**Student:** 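Just dropping this structure here.
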Amino acid sequence: MSANQELILETNGLTKRLGGKPVVNAVNLKISRGDIYGFLGPNGAGKTTTIRMLLGLAKPTSGTIRVFGKDIRKERLAILRKVGSLVEYPSYYGHLTATENLEAVRRLLGVPRSRIDEVLSIVRLTKEAKRPVKGFSLGMKQRLGIATALLGNPELLILDEPTNGLDPAGIQEIRELIKSLPQSSGVTILISSHLLSEVEQMATQVGIISKGSLIYQDGIQQLREQAKGRIRLGVSDPESAWKLLLSCGLPADWDHGKLSLTRTDNRTVAEAVARLVEHSHLVYRVEEETASLESIFLEMTGSEGSL
Amino acid sequence: MIRMFRSEWMKIRRSVIWLLVAVSPLIAALFGLFGLKKGGEDFPWIEALSLMSVLHAMFFLPLLTGIYAALICRFEHTGGGWKAILAAPVSRTQVYVVKFVIVMLMLAATQLLLLIVLLLLGLSHGSAEGIPWRELASSFIGGWIACFPLAALQLFVSVAFQSFAAPLAVNVVLTLPNILVANSERFGPYDPWVQPMLAMIPRDDTYGYGAFNLPMETLFGVVAGSFVLFFVVGWTYFARKAV
């Protein structure tokens, strides 16, 4: 966690109630400059509602939102000037061409006209620029949406399910595009998704929301640690076996029940077994326990996401 | 505000909305062409104005107000435009005011086109002199001003409903009674939907609608009052609307 870095976005006790039921419940998001923040949760967990509040499209029932250190209730326009967004599905005017769509937004932002060609080439729509958007495929509309979000040279890019409804090739393309952004333009990105696998390859930070509550927020690395497999050892006397393994410098773990090795490479396993046998421990079982990121995600969010 | 306006212009520039501007003036032109008595005398300006503006002011103007409002909101509803605009650095008041101004400009264009049609018709009769500019101006500008409350209400309804049909239904329901209300001395003066007609048709008109013999102050009071009411309600709603 990059705690010493400047916080770009911070929410405190962010809550939204709809009909008395909390849709977003006391969420504390923390996003630092340069992060690619994967905002994860099953459908209906409150991701889009949270994002709408971040953009000032909906009002929180309680809690505060600070973006670039400014309160959204007081300095909404100053904040929005530096934020690009794509919420839920891309916004477009079907009767206009891609260029005209971008021009309509450009006039609101007041950026130079040359920026339109730049963003079109970033999302590789230059060739389609003169076609009416109503004839675009979903993937192209999605790319146009990202282009619109990028138009104002934002410092913070908020993308809500940007790969929703795309085919695998389209997902891959958008993923590559997003991955390339922070290096090329120095933006901070908040990207929401209901699939961990989709963001795990690009996110540096992960926040997981379930039933309106943020249940996990840390680096993707920390999440990977949890997901790593372990070797479970079934032995006659786990506690002394644990002490023995530790004294040999092996990464053993004992939770008063199960003894396990937290590294799973062959050498570690072989050495551990050799040591245990050497010291007359009875080794009953050596078995691998794996937990994928996805299964950890499912475990955290419960089964509500999978039908 | 100017940026907002130029952005909106981009969107309506190539919209079907412009075809509608011509509809009512064209129908009125037919009325004028076939309805007026042919004769060698001077072109009967006031009669032509009455004839051509009766259908226009009674139905088309109120209906078009609703259609324009619905159309400029429609592409925001269908394409998710509200989110994009409101997540841009513009205030909601700006957005609402600009949308309203656009409806009023479309109506002004409609009025202007009808006036041009009327003038052309008159000039084709060879009556370049004696054009009653005062009456024409007060009729067309008055009709336009009387549309303010209608536009305010229709914009509110169009912003509130995602569907295109709902605001139009409201519009039709409020406009159709004009046939009856215009004849009523009791209700006519107070129904904002009749005001465009009361304002447009010349007062010394031979058709003699019931609500005509009222002081201008009453009519303007109704127009201004209902406009403020509808606009404030719609604007307050839009400022709080979650999108």
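Just so you know, these numbers use all the heavy atoms, side chains as well, and skip hydrogens, waters and symmetry mates. So you know, we letter chains A, B, ... as the sequences are listed, proteins then strands, and number each from 1. This structure is a prediction, so every number in the text was calculated from the model and none was measured.
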**Student:** Non-hydrogen atoms of chain A under 4.5 Å away: do they reach the side chain of B:Arg13, the backbone, both or neither?
**Tutor:**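 Just its side chain gets close to chain A.
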**Student:** For the residue pair A:Phe39 and A:Tyr37, does the interplanar ring angle fall in the parallel (under 30°), tilted (30 to 60°) or perpendicular (over 60°) class?
**Tutor:**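 Ring orientation of A:Phe39 relative to A:Tyr37: tilted.
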**Student:** Answer yes or no: are there more than 12 heavy-atom neighbours, outside B:Ile27 itself, under 6.0 Å from its atom CD1?
**Tutor:**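 Counting neighbours around CD1 of B:Ile27, more than 12 heavy atoms of other residues, nucleotides or ligands fall under 6.0 Å, so yes.
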**Student:** With B:Pro25 as reference, evaluate B:Leu115, B:Thr110, B:Ile116, B:Leu118 under the side chain to side chain contact (heavy atoms under 4.5 Å, CB included) test and give the passing residue.
**Tutor:**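 With B:Pro25 as partner, B:Leu115, B:Thr110, B:Ile116, B:Leu118 yield a single side chain to side chain contact (heavy atoms under 4.5 Å, CB included), made by B:Thr110.
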**Student:** Can you check whether B:Phe231 and B:Tyr96 have ring centres sitting under 6.0 Å from each other?
**Tutor:**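 Yes: the rings meet the under 6.0 Å criterion.
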**Student:** If you tally heavy-atom pairs under 4.5 Å against chain B, which of A:Gly152, A:Gly110, A:Ala104 wins?
**Tutor:**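 The option with the most such pairs is A:Ala104.
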**Student:** If contact means a heavy atom pair closer than 4.5 Å, which residues of residues 79-88 of chain A contact chain B?
**Tutor:**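 Within residues 79-88 of chain A, near chain B: A:Leu80, A:Arg81, A:Ser85, A:Val87, A:Glu88.
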**Student:** Just by modelled atom types, is the A:Gly13 backbone N or O under 3.5 Å from a matching donor or acceptor in the A:Asn28 side chain?
**Tutor:**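 Answer holds: yes.
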**Student:** Assess whether a salt bridge exists between A:Glu6 and A:Arg33, defined as any Lys/Arg side-chain N lying under 4.0 Å from an Asp/Glu carboxylate O.
**Tutor:**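 Yes, A:Glu6 and A:Arg33 are salt-bridged.
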**Student:** Is the closest basic N to carboxylate O distance between A:Glu173 and A:Arg143 below 4.0 Å?
**Tutor:**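 Salt bridge between A:Glu173 and A:Arg143, a charged N being under 4.0 Å from a carboxylate O: yes.
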**Student:** So if I take each residue of residues 116-138 of chain A and look for any heavy atom under 4.5 Å from a heavy atom in chain B, which residues do I end up with?
**Tutor:**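 So far as heavy atoms go, nothing in residues 116-138 of chain A approaches chain B to under 4.5 Å.
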**Student:** Let me see the working for B:Leu107 and B:Leu61 under side chain to side chain contact (heavy atoms under 4.5 Å, CB included), right down to the final yes or no.
**Tutor:** CA-CA 8 Å; B:Leu107 287 169; B:Leu61 210 49; 4.0 Å; yes
**Student:** Quick check on the interface: out of B:Lys241, B:Glu76, B:Glu8, who has the most heavy-atom pairs with chain A under 4.5 Å?
**Tutor:**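 Most heavy-atom pairs within the cutoff with chain A belong to B:Glu76.
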**Student:** Between B:Ser91 and B:Gln94, is there a donor-acceptor pair closer than 3.5 Å when you use the side chain of the first and the backbone of the second?
**Tutor:**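 Between the backbone of B:Gln94 and the side chain of B:Ser91 there is a qualifying donor-acceptor contact (under 3.5 Å).
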**Student:** Give a yes or no on this: more than 12 heavy atoms of other residues, nucleotides or ligands lie within 6.0 Å of atom CD1 of B:Ile2.
**Tutor:**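 No, the 6.0 Å shell around CD1 holds no more than 12 heavy atoms from other groups.
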**Student:** Has the side chain of A:Glu75 got a donor or acceptor atom that lies under 3.5 Å from a matching backbone atom of A:Lys70?
**Tutor:**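 The answer is no, because no donor-acceptor pair under 3.5 Å joins these two groups.
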**Student:** Checking ring-ring contact (aromatic ring centres under 6.0 Å, His included) against B:His77, which of B:Phe164, B:Trp82, B:Phe161 comes through?
**Tutor:**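 Result: among B:Phe164, B:Trp82, B:Phe161, B:Trp82 is the only option passing the ring-ring contact (aromatic ring centres under 6.0 Å, His included) with B:His77.
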**Student:** For chain B, which candidate among A:Asn101, A:Leu109, A:Leu55 shows the most heavy-atom pairs at distances under 4.5 Å?
**Tutor:**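 Between A:Asn101, A:Leu109, A:Leu55, the count favours A:Leu109.
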**Student:** Given that the side chain runs from C-beta out, which part of A:Tyr89 has a heavy atom under 4.5 Å from chain B: side chain, backbone, both or neither?
**Tutor:**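 For A:Tyr89, heavy atoms of backbone and side chain both lie under 4.5 Å from chain B.
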